Amino acid sequence: MATNLSAPPLSPYLSSHNHHRRRCPLHFTSSLRLSATKRCPIAASKRAPPLPSAVAGEQHSASLAEQLKPLSTTTLSDQPNEAQLLSKPKSTWVNPTKSRPSVLSLQRHKRSSSYSHNPQIKDLRNFAKKLNDCEESQFSAVIEGIPHPPTRENALLVLNSLRPWQKTLLFFGWVKAQNAFPMETIFYNVTMKSLRFGRQFQHIEGLALEMVEKEIPLDNITYSTIITCAKRCNLFDKAVEWFERMYKTGLMPDEVTYSAVLDVYAKLGKVEEVMSLYERGRASGWKPDAIAFAVLAKMFGEAGDYDGIKYVLQEMKSIGIQPNLVVYNSLLEALGKAGKPGLARSLFEEMVESGVSPNEKTLTALIKIYGKARWARDALQLWERMSLNGWPVDFILYNTLLSMCADLGLVEEAEKLFEDMKGSEKCKPDSWSYTAMLNIYGSGGSVDKAMVLFREMSEAGVQLNVMGCTCLIQCLGRAKRIDDLVNVFEFAVENGVRPDDRLCGCLLSVVSYCDGKDASKVLACLERANKALSAFVKVLSGDESTDFDALKEEFKRILSSTAVEARRPFCNCLIDICRNRDHHERAHELLYLGTLYGLYPGLHTKTEDEWRLNVRSLSVGAAHTALEEWMGTLAKIVQRKESLPALFSANTGSGNHKFSQGLGSAFASHVEKLAAPFTESEGKAGLFTATREDLVLWLQSRVA
DNA sequence: CTAGGGTTAG
């Protein structure tokens with residue numbers, strides 16, 4: 001998911017950007033001329049007369065999708081071609097020395113003077129209010145009481161004041177039927193705005209098609225409204241479709257449409273298309289503004305792309321755009337997602353120094369970052385600064401602070417905050433707050449406190465959610481309070497919690513360390529949540545031998561219907577279940593399958609001097625299985641007298657989390673039991689090493 | 001609000 005951060009500093013599309021700039025200086029001069037013509041240079045290529053044979057062809061017939069391919073993959077090679085690409089039949093060539101494009105820069109519409117000086121304004125507003133408030137059935141009756149004739153200005157004023165989309169649509173229909181004046185674009189735009197409020201994409205599209213039919217021009221406002229409405233309705237294909245239509249008409253996108261469309265592609269995860277459109281916009285004279293950069297920052301954050309974030313910063317600097325609060329917030333969050341807490345911290349300081357005050361979202365982002373990074377000192381210092389400076393706090397920020405406490409194991413701080421919330425008027429703990437507390441008590445093993453909270457929740461009328469349920473079940477399982485566990489599970493299901501894969505994984509892990517009756521009770525819960533999984537567990541735990549291929553197929557079927565983040569935990573638990581029931585052979589088979597399906601990437605790493613087994617993400621049983629498997633393989637290599645490196649190591653990790661269970665110590669005792677020559681390194685907790693000589697001796701002794 | 005665009009929680 002995240003890009004490889006050890007990759008070269010610039011992403012491919014970024015270097016293609018530079019490449020493009022270097023090679024196509026003419027692009028800029030041409031576009032400056034073009035910019036005053038209200039025509040999109042991308043579209044122009046489609047309408048251009050046949051190009052000279054050598055450069056005609058693909059660009060002439062290219063679709064928008066093709067046009068949006070990264071420039072590195074399209075061949076914009078020689079300069080005459082560029083000039084051709086940008087020229088078009090009806091372009092009006094203006095003085096090329098004119099300083100800046102005029103079309104692309106945003107021209108907000110001023111409130112027309114009839115709005116402020118219209119003495120009828122009060123009557124019309126009251127009338128609009130009546131329309132807003134009346135029953136739909138009375139609409140036609142009310143509308144007849146319009147206090148002044150529906151002139152263009154009057155109609156616009158009323159249309160602008162209608163809230164529910166149904167009323168807007170009815171009124172618009174009425175105005176059209178009056179036939180008092182020709183309909184202009186603005187009427188459609190205002191109506192669409194109201195429809196967008198009600199997320200009525202169907203109606204918006206209907207109106208847009210009506211405009212096309214009646215040859216009423218669609219402008220940037222129309223298109224951006226259509227596109228953002230589609231976006232809000234999650235109809236991304238529709239958003240793209242309408243941008244394509246706009247492109248075909250040759251209308252030049254302005255700043256608003258640009259950032260709206262960039263956001264559409266960004267939300268589709270189409271980074272390359274975003275960058276390509278960005279480059280083309282830049283090349284045609286578009287000056288991106290803060291909103292466009294906020295969109296880019298968010299996109300790179302979602303992709304975990306640090307190079308992309310650097311690029312955004314660099315572009316803003318070179319264009320001379322100072323980040324505003326929203327851009328800072330997007331950048332901070334992006335840095336968090338890209339795993340750069342240190343850079344987030346320094347960017348935050350830079351932001352404060354530049355005079356931009358953080359808001360709730362800024363602080364939420366940072367607290368979350370520090371929590372995830374387990375930077376307790378920074379988190380607490382920031383918390384202190386928040387209250388010292390009187391920085392704004394809201395409900396989400398409170399809950400984020402609680403979650404951070406859970407991540408860092410700050411039990412007392414969390415309890416204090418939780419009590420403060422209970423005492424407050426506006427920020428009473430909700431299910432998020434309770435979940436955070438259940439997480440804290442659950443991971444800390446404070447079962448009784450967790451159960452007190454559980455009871456308190458239902459008294460306070462706060463719903464238990466799936467994560468809170470998972471936390472509770474985890475800690476009840478560890479405490480072997482299986483009857484309570486079953487009760488909590490049943491309560492949760494009865495109260496609308498729909499078990500997800502994480503909850504199933506949690507039940508599965510409890511099954512792995514329970515025996516007999518307890519295991520059956522938990523398995524019965526699992527059966528209600530995931531039939532296939534519980535059936536598979538029964539097969540694995542049973543004594544009948546199973547065909548490997550059948551096992552493989554079923555395991556594959558289960559994994560493919562499991563959320564990606566829960567697949568490895570499933571496999572880990574299943575291996576533990578096999579081992580705890582002395583089905584070691586099956587444990588090895590499952591580890592093999594897990595590796596086959598990519599659940600354990602980087603399990604083995606080899607350099608010339610050292611071979612390493614990385615078991616940090618494995619459960620105890622899986623780690624043992626992996627070690628045994630490895631030793632078996634090495635024994636064969638020794639037998640075959642093949643060459644081996646000087647050093648062998650196994651890494652369990654040290655477990656940064658305050659509440660983490662000791663994989664390291666479990667691994668140490670397993671190594672001891674096997675009398676294997678691995679010893680834990682002095683300075684590095686969780687790193688076990690063995691020399692070739694010791695290991696070979698031991699392997700040979702085992703065979704003998 | 002002044003016909004259109006961006007940011008908060010496992």
Side-chain angles (χ1 to χ4, degrees), chain A residues 106-116 121 125 156-157 159-163 168 184-197 204 218-229 231-232 239 253-264 266-267 288-299 301 323-334 336 358-369 371-372 392-404 406-407 430-433 435-436 438-439 443 465-471 500 502-503 565:
Chain A
L106 192 59
Q107 290 176 344
R108 293 267 179 212
H109 300 256
K110 301 224 164 66
R111 180 196 260 185
S112 94
S113 56
S114 61
Y115 272 44
S116 38
I121 191 168
R125 282 203 197 274
L156 260 185
L157 202 147
L159 205 54
N160 251 315
S161 318
L162 293 175
R163 275 277 106 168
T168 314
E184 298 161 37
T185 306
I186 186 171
F187 285 87
Y188 284 88
N189 289 349
V190 173
T191 306
M192 284 185 185
K193 180 189 173 184
S194 171
L195 289 170
R196 194 188 63 163
F197 224 77
I204 286 197
L218 286 75
D219 62 9
N220 262 290
I221 298 174
T222 322
Y223 282 111
S224 59
T225 309
I226 298 170
I227 289 165
T228 52
C229 178
K231 188 169 69 179
R232 279 185 208 179
D254 70 5
E255 294 168 32
V256 173
T257 311
Y258 260 123
S259 44
V261 172
L262 287 179
D263 195 40
V264 169
K267 293 215 154 68
D289 60 7
I291 295 178
F293 286 120
V295 168
L296 292 187
K298 172 151 188 183
M299 173 185 76
N324 63 16
L325 180 58
V326 176
V327 175
Y328 272 120
N329 289 350
S330 305
L331 282 168
L332 288 170
E333 195 154 314
N359 67 2
E360 298 89 334
K361 292 174 186 177
T362 323
L363 300 166
T364 300
L366 268 184
I367 288 292
K368 195 177 142 196
I369 289 170
K372 293 275 159 275
V393 181
D394 66 1
F395 197 41
I396 294 179
L397 181 48
Y398 273 134
N399 280 340
T400 306
L401 283 166
L402 279 181
S403 303
M404 176 272 290
D407 284 334
D430 70 347
S431 65
W432 282 84
S433 329
T435 301
L438 287 173
N439 189 8
S443 16
N465 62 23
V466 65
M467 187 184 173
C469 175
T470 306
C471 294
D500 61 4
R502 287 185 198 215
L503 177 51
E565 75 272 11

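In the text below, chain A, chain B and the rest are named by the order of the sequence lines, each starting its count at 1. Quantities reported herein were computed from a predicted structural model and do not represent experimental measurements.
For B:dG4, the base has no donor-acceptor partner in the side chain of A:T225 [N/O atoms by modelled type, under 3.5 angstrom]. Side-chain atoms of A:N439 and base atoms of B:dG10 include no donor and acceptor less than 3.5 Å apart. For A:N329 and B:dG6, a side-chain-to-base donor-acceptor distance below 3.5 Å is absent, hydrogens and geometry of angles not being considered. Contact annotation: side chain of A:N324 to base of B:dG6, donor-acceptor pair present below 3.5 Å. The base of B:dG5 lies outside donor-acceptor range of the side chain of A:T257, with no N or O pair under 3.5 Å.
Side-chain atoms of A:N439 and A:D407 include no donor-acceptor pair closer than 3.5 Å.
A 4.5 Å side-chain heavy-atom check between A:F293 and A:P323 finds every atom pair outside the cut-off.
When the P atom is compared between B:dT2 and B:dG6, the two are found 14 Å apart, to the nearest whole Å. Distance noted for atom C1' between B:dG5 and B:dA9: 25 Å (whole Å).
For A:V327, the side-chain atoms get nearest to B:dG6 when compared with the rest of B:dG4, B:dA9, B:dG6. The side chain of A:A294 has B:dG6 as its nearest neighbour among B:dA9, B:dG4, B:dG6. Comparing B:dT7, B:dT8, B:dG4 against the side chain of A:S330 picks out B:dT7 as the nearest. Nearest to the side chain of A:R502, among B:dG4, B:dC1, B:dG10, sits B:dG10. Set against B:dT7, B:dA9, B:dG5, the side chain of A:V326 has B:dT7 as its closest nucleotide. Across B:dA9, B:dG10, B:dG5, the shortest atom-to-atom separation from the side chain of A:N465 is found for B:dG10.
Between A:R196 and B:dG5 there is a side-chain N or O to OP1 or OP2 distance below 4.0 Å. Side-chain nitrogen and oxygen atoms of A:K267 include at least one within less than 4.0 Å of the OP1 or OP2 phosphate oxygen of B:dT7. Within the 4.0 Å cut-off from OP1 or OP2 of B:dG6, not a single side-chain nitrogen or oxygen of A:K361 is found. Here A:K298 reaches the OP1 or OP2 of B:dT8: one of its side-chain N or O atoms lies under 4.0 Å away.
Atom CG of A:D219 is separated from atom P of B:dG5 by 13 Å (rounded to the nearest Å). Atom CG of A:D289 and atom P of B:dG4 are 16 Å apart (whole Å). In this entry the distance linking CG of A:L503 with C1' of B:dG10 reads 14 Å, nearest Å. Between A:N399 atom CG and B:dG10 atom P there is a gap of 10 Å when expressed in whole angstrom units. If you measure from atom CD1 of A:I291 to atom C1' of B:dG6, you get 5 Å, rounded to the nearest angstrom. Atom CG of A:L325 and atom C1' of B:dT8 are 11 Å apart (whole Å). Residue A:I369 contributes atom CD1, which lies 11 Å from atom P of B:dA9 at whole-angstrom precision.
Counting only distance, with no hydrogens or angles, the side chain of A:N189 and the backbone of A:M192 share no donor-acceptor pair below 3.5 Å. Looking at A:S161, its side chain does come within 3.5 Å of a backbone N or O of A:L157 through a donor-acceptor pair.
A pairwise comparison of heavy atoms in A:P392 and A:L397 identifies O-CD2, 3.7 Å as the closest pair.
Residues from residues 186-195 of chain A with heavy atoms under 4.0 angstrom of DNA chain B, sorted by number: A:I186, A:N189, A:V190, A:K193.
In summary, of the residues considered (A:D219, A:N220, A:T225), a side-chain hydrogen bond (donor to acceptor under 3.5 Å, both in side chains) with A:T222 occurs for A:D219 alone.
Across all strands shown, A:S403 has no heavy atoms under 4.0 Å from either base or sugar-phosphate atoms. At a threshold of 4.0 angstrom between heavy atoms, the contacts of A:T222 with the nucleic acid are absent. Within the 4.0 angstrom heavy-atom criterion, no nucleotide atom of any strand lies near A:R163.
Annotation: salt bridge (charged side-chain N to carboxylate O under 4.0 Å, His left out) contacts of A:K267 (sequence neighbours excluded): A:D263.
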Please lay out, stage by stage, how A:S194 and A:R163 fare under the test side chain to side chain donor-acceptor pair (under 3.5 Å).
CA-CA 6 Å; A:S194 171; A:R163 275 277 106 168; over 6 Å; no
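Other residues, nucleotides and ligands contribute more than 12 heavy atoms inside 6.0 Å of the OH atom of A:Y188.
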